[in-house]
Amino acid sequence: MSDLDRCQSILADLIAFPSVSSESNLSVIHYIADRLERAGARVEVLTDVSGTKANLFATLGPERAGGLVLSGHTDVVPVADQPWRSDPFKMVERDGRLYGRGTCDMKGFIATCLTKLDTLKAATCDHPIHFAFTHDEEVGCLGARDLVDVLKARDIRPAMALIGEPTQMRVIEGHKGCCEYTVTFTGAEGHGSAPEKGVNAIEYAVRYINRLLVLRQALIDRCPPGSRFDPPHTTINIGGLKGGHAHNVIAGKATLEWEMRPTSLADYDLVQRDLAQYVGDVLLPDMQAIAPQAEITTEVIGEVAGLTPMDENAARDLLYRLTGANTADVVPFGTEAGLFQEIGMSAVICGPGSIDQAHKPDEYVERDQLCQAMAVLDRLGETYGRHDRD
């Protein structure tokens, strides 16, 4: 059986696990763990507090600092109400394309790693190769955040991370962060004929939105020169506002959903400080002057760190050697790469498939893309020991 046929068989197995983020991923994690253990890897399955989700961290080679992490997420987005031509959890091939939920995002990359375990193991005499496969990337990188906390606490830590998100095997060195919030305003209901006697939660939500719009313009004005992102500045988007019961009732509750995509930690800090001051010094005192029980609470839905392009990036330079590329791009979508960068690892994104196919009905990855990814892993096996840098 050829490597491509073996990879396709493994991918079919992975697709058959319906690891939608709302469901458990334990079955697919244990499948991956079994294959890694049979290849001689030291495997840890790190279960979350619910007991229904898990990350996997495994190592081939010596137990020492440094080395490279091959990383991907095991969860997929839902298929409900999407017009698939075939069962999304039963992989099918048509015209050189492999169809199924997760084929490109991102079980195709995981399948290539599992196919090439023997090659990778042979390259680890001096430096380890690690595998990090996570849960709940699609809903805020929850698993990766837990995993990097585990790695940060250890004396032995990898030096580089390759995140195999679908880039059509282009080398990617940067993306914005993605921060999503739900803000709940609790006021005091009353009769609409006397609005001054209540606290209209919608009105205060609107004032909060107006502050966000002021910040949006400030972020445009402070856009760093030469930014490679599109758009080049940090963005703020108002996603939804819900509240109220009737025309003649003062709205006692309102819920605001909004997101920010920062180009830098400095922009993130600016927005957070400004909003905290505005809520604490202006909005909340105004509300509580009428209704002492009034509240403004913020739920963090997800805060995904951006990947900042760096002049020195050992992971990117390794991918240059493996792919033959001499330039790296930035992308608009988020990944787990920035979390690895935050704990001192160099990180790069490169994987089979196109992000244009992700999350859509009839998601697919081309067989040729899997071949390209496996060729990169073959070259990693040939050159890793000579070129790895801790």
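Values reported hereafter were calculated over all heavy atoms of this structure, with side chains retained and with hydrogens, waters and symmetry mates removed.
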Between [X] (side chain) and [Y] (backbone), is there a donor-acceptor pair under 3.5 Å?
X: T184; Y: T297; answer: no
X: R170; Y: I349; answer: no
X: K90; Y: S86; answer: no
X: T112; Y: A373; answer: no
X: D267; Y: P262; answer: no
X: T186; Y: K253; answer: no
X: E363; Y: C104; answer: yes
X: S24; Y: T52; answer: yes
X: N55; Y: H135; answer: yes

- Query: Got a sec, which hydrophobics cluster with I301, joining ILVMFWY side chains under 4.5 Å apart, including via others?
  - Reply: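 The other cluster members (ILVMFWY side chains, heavy atoms under 4.5 Å, direct or chained): none.
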- Query: Taking ILVMFWY side chains as joined if any heavy atoms are under 4.5 angstrom apart, and letting links pass through other members, which residues group with I15?
  - Reply: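 Under the 4.5 Å side-chain rule, I15 groups with L4, L11, M91, L98, V365, L370, M374.
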Non-hydrogen side-chain atoms of [X] and [Y] separated by less than 4.5 Å:
X: V331; Y: T167; answer: no
X: L212; Y: W258; answer: yes
X: E165; Y: H175; answer: no
X: V92; Y: D87; answer: no
X: Q369; Y: M169; answer: yes
X: T263; Y: H233; answer: no
X: V206; Y: E203; answer: no
X: L151; Y: F340; answer: yes

Membership question, hydrophobic clusters at under 4.5 Å side-chain separation (ILVMFWY): are [Y] and [X] in the same one?
X: L46; Y: V28; answer: no
X: M160; Y: I343; answer: no
X: F133; Y: M345; answer: no
X: L284; Y: V183; answer: yes
X: L265; Y: L275; answer: yes

- So, K176 versus T235: side-chain donor-acceptor pair below 3.5 Å or not?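 Side-chain D/A pair, K176 to T235: absent.
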Please check if atom [atom1] in [X] has more than 12 non-hydrogen atoms from other residues, nucleotides or ligands closer than 6.0 Å.
X: N210; atom1: CG; value: yes
X: D118; atom1: CG; value: no
X: Q293; atom1: CD; value: yes
X: E312; atom1: CD; value: no

- Message: Please list all pairs meeting ring pair (Phe, Tyr, Trp, His ring centres under 6.0 Å) that have one or both residues in residues 77-112, counting only residues at least two apart or in different chains.
- Response: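 The answer is Y99-Y364.
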- Taking only residues at least two apart or on different chains, which pairs with a member in residues 28-83 satisfy ring pair (Phe, Tyr, Trp, His ring centres under 6.0 Å)?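 Output for this query lists F17-Y31, F57-H130.
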For a quick test of reading the model, state the closest non-hydrogen atom pair linking [X] to [Y] and the distance between them.
X: A337; Y: L307; result: CB-CD2, 3.9 Å
X: T335; Y: V304; result: O-CG1, 3.3 Å
X: S227; Y: P232; result: OG-O, 2.7 Å
X: I290; Y: E196; result: CD1-O, 4.1 Å
X: I202; Y: G244; result: CD1-N, 3.9 Å
X: R316; Y: N313; result: N-OD1, 2.9 Å

Does the pair [X]/[Y] count as a salt bridge with the N-to-O cut at 4.0 Å?
X: K53; Y: D75; result: no
X: D3; Y: R6; result: yes
X: E138; Y: R101; result: no

- side-chain contact (heavy atoms from CB on, under 4.5 Å) between R97 and Q357: does it pass, once the steps are laid out? CA-CA 11 Å; R97 295 173 175 177; Q357 307 307 323; over 6 Å; no
- Taking only residues two or more places apart in sequence, or in another chain, which ones meet R38 in a salt bridge (Lys or Arg N to Asp or Glu O under 4.0 Å)?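 Counting only residues at least two positions away or on another chain, R38 forms a salt bridge (Lys or Arg N to Asp or Glu O under 4.0 Å) with D34.
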- Query: Excluding sequence neighbours, so at least two apart, what forms side-chain contact (heavy atoms from CB on, under 4.5 Å) with N237?
  - Reply: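 Only E259 meet the side-chain contact (heavy atoms from CB on, under 4.5 Å) criterion with N237.
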Can you tell me how far apart [atom1] ([X]) and [atom2] ([Y]) are? Round to the nearest 0.5 Å.
X: I238; Y: L213; atom1: CD1; atom2: CG; answer: 5.5 Å
X: L256; Y: Y208; atom1: CG; atom2: OH; answer: 7.0 Å
X: E303; Y: L142; atom1: CD; atom2: CG; answer: 11.5 Å
X: L380; Y: T323; atom1: CG; atom2: OG1; answer: 12.0 Å
X: T115; Y: I10; atom1: OG1; atom2: CD1; answer: 3.5 Å
X: L322; Y: E382; atom1: CG; atom2: CD; answer: 9.5 Å

- Between R261 and F229, does a side-chain contact (heavy atoms from CB on, under 4.5 Å) hold up when you go through it step by step? CA-CA 11 Å; R261 294 184 181 253; F229 294 110; over 6 Å; no
- Would you check, one step at a time, whether the test side-chain contact (heavy atoms from CB on, under 4.5 Å) holds for S264 with T308? CA-CA 7 Å; S264 67; T308 303; over 6 Å; no
- Item | Step-by-step side-chain contact (heavy atoms from CB on, under 4.5 Å) determination, Q272 to C179 | CA-CA 11 Å; Q272 296 295 349; C179 306; 5.6 Å; no
